[in-house]
A.B. asks: 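Structure incoming, see below.
Numbered from 1 within each chain, the chains take letters A, B, ... in sequence-line order.
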Number of protein chains: 2
Amino acid sequence: MTALASDVRATLANKPYGSVAMAIRGNIDEPDIDIEAIRAHVPVRRCKHAAGQSIYHAGQPFHAIHLVHVGSYKTSELAADGREQVTGFRMRGDLIGIESIGLTTYASDVIALEDSETWELPYPAVLRACLHIPELQSHLTAAMAAEIRCDRSWMLMLGTLAAECRVAAFLLDVAARYARLGYSARHFILRMSRVDMASFLALKHETVSRALSRLHDLNYIDVQRREVHVLDADGLRSMAGISATLN
Amino acid sequence: MTALASDVRATLANKPYGSVAMAIRGNIDEPDIDIEAIRAHVPVRRCKHAAGQSIYHAGQPFHAIHLVHVGSYKTSELAADGREQVTGFRMRGDLIGIESIGLTTYASDVIALEDSETWELPYPAVLRACLHIPELQSHLTAAMAAEIRCDRSWMLMLGTLAAECRVAAFLLDVAARYARLGYSARHFILRMSRVDMASFLALKHETVSRALSRLHDLNYIDVQRREVHVLDADGLRSMAGISATLN
DNA sequence: GCGGCGCTGTTACAAACCGTTACAAAGCGT
DNA sequence: ACGCTTTGTAACGGTTTGTAACAGCGCCGC
């Protein structure tokens, strides 16, 4: 399994962009973002981030949105009293920061989960580019709408599924997102810690561990720390209450 | 208390619009939507809905967004296996349907909680109007961004607070939204059933009842069925982990 | 007007699930 | 090899849920 793990890691680079991320609901109606057309009008800056480094924190001046190019990030909300909630994980092709449009400061935190890279798109330039590229505005709007639908899908999942089922749904979502990027949906490496998964799923990390162990016992998955083999996607689907087909 | 209830109901009409709704996070940076400017370019149709009637269901063709004028609505997500999740409650000034922009069909259900009325804004006309009213596009974008932030705030609340605290946070949010519309934040009528509240808060309706009873026992609120008096907003705030000030 | 009926809401008690705590093992960097 | 972080496992306890019974309110027909 360790040998396979390095294979997977090796393939995790330089794949073409998929569409803007969609979650379990799976309404993949939006076309791809035409990054080349944008580059003609927007000064794109590459931003590298080491694992644990943040793109931005809540409260910093908002000036740009980011397109994930390599690696993965987590976005999180912070309450005044210190409570933290991971609100999502972003990977290649995902837009980051669109929730802060219209504000003067960023509304959330974004932290790299591994050595990663984004393309920084200064928002004023994006706005100007919208005048030259009629489709860019609608792409941006569609991306925001998709983000809302994605959040709503997770609210549905968090509000109606038990712990084990949430973990199953999460694995299916990760698998589907890897599949969209051209990777295997049956074998992947989780980029986030158990604690981050637990926060996102509104559970404790021990519960996530137990759920993964149980999914293993049911022969739905093979899991060694962060490496996951999906053995029975239908089993996971029946548990997650999802009928969609996994690639 | 019954006499007061009718007073409250009487004042719930013909107040000026507030901004697009924001949740507990309270980043109220967006300006009001200039409905009059829109009317000059968009054929606005008034849509009345009786209690229990839907504006639209998931899957119906998307053609318009709606601005709530009178009354209140609930939006909900439906899973293939029948699970339902209330994702929010909308009142005067709130935009409905923006999460479906970019799709050909609506993505969620919207049902009136009482006799209500919306202004229907056909989306193609809104798009055309954006060309004539430069600010309309940015208003729409800001509204969508606010919607994302609102959902994220609720994810934070649902993921980090216990049952009683969620109910407290919910009451504070309702109070703040009434305050934004010019009504009392200390005395209001809940428009939704315990079941709808429970679904939104990811609880069971019995748990909501018990939580409300406990908030009553703590002398934080006075509650008789759907009528709520806030007696100790600071108590609620400390429970909800919110430092913002209630009007 | 009156009573029946259903929906909504409340409360008590029992049970299940998940969180808490504690500890151990494995991975990772130094 | 060492220590720290991450992850896994187990026992226990608490919060939330499930079940049930009952009360209040509105709707309807009589």
A.B. asks: Nearest whole angstrom, please: distance from the C1' of D:dT7 to the CE of A:M192.
C.D. replies: 15 Å

A.B. asks: State whether the side chain of A:T87 and the backbone N or O of A:T75 hold a donor-acceptor pair below 3.5 Å, judged by distance alone.
C.D. replies: yes

A.B. asks: Indicate, with a heavy-atom threshold strictly under 4.0 Å, whether B:S209 touches base, sugar-phosphate, or nothing.
C.D. replies: base

A.B. asks: Between B:S199 (side chain) and B:V86 (backbone), is there a donor-acceptor pair under 3.5 Å?
C.D. replies: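 Looks like yes, one N/O pair under 3.5 Å.
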
A.B. asks: Please report, rounded to the nearest Å, how far the P atom of C:dC28 is from the CD atom of A:Q224.
C.D. replies: 12 Å

A.B. asks: Do the charged groups of B:R214 and B:D217 touch, with an N to O distance under 4.0 Å?
C.D. replies: no

A.B. asks: Taking the basic N atoms (NZ, or NE/NH1/NH2) and the acidic carboxylate oxygens, is any pair closer than 4.0 Å for A:K48 and A:D115?
C.D. replies: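 No, A:K48 and A:D115 are not salt-bridged.
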
A.B. asks: When you check the phosphate oxygens OP1 and OP2 of D:dT7, does a side-chain N or O of A:R226 lie under 4.0 Å from one of them?
C.D. replies: yes

A.B. asks: Could you encode protein contacts along nucleotides 12-23 of chain C as a string, one character per nucleotide from 5' to 3', using B for base contact, S for sugar-phosphate-only contact and - for no contact, with a heavy-atom cut-off of under 4.0 Å?
C.D. replies: BB----SBBB--

A.B. asks: Through what angle, rounded to 10 degrees, does the axis of the helix from C:dG1-D:dC30 to C:dT30-D:dA1 turn between its ends, using five pairs per end?
C.D. replies: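 It comes to 50° between the two terminal axes.
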
A.B. asks: Does B:R194 make a side-chain N or O approach to OP1 or OP2 of C:dT10 shorter than 4.0 Å?
C.D. replies: yes

A.B. asks: Is it the case that the side chains of A:T160 and B:R83 hold a donor-acceptor pair, with the cut-off being a distance below 3.5 Å and no angle test?
C.D. replies: yes

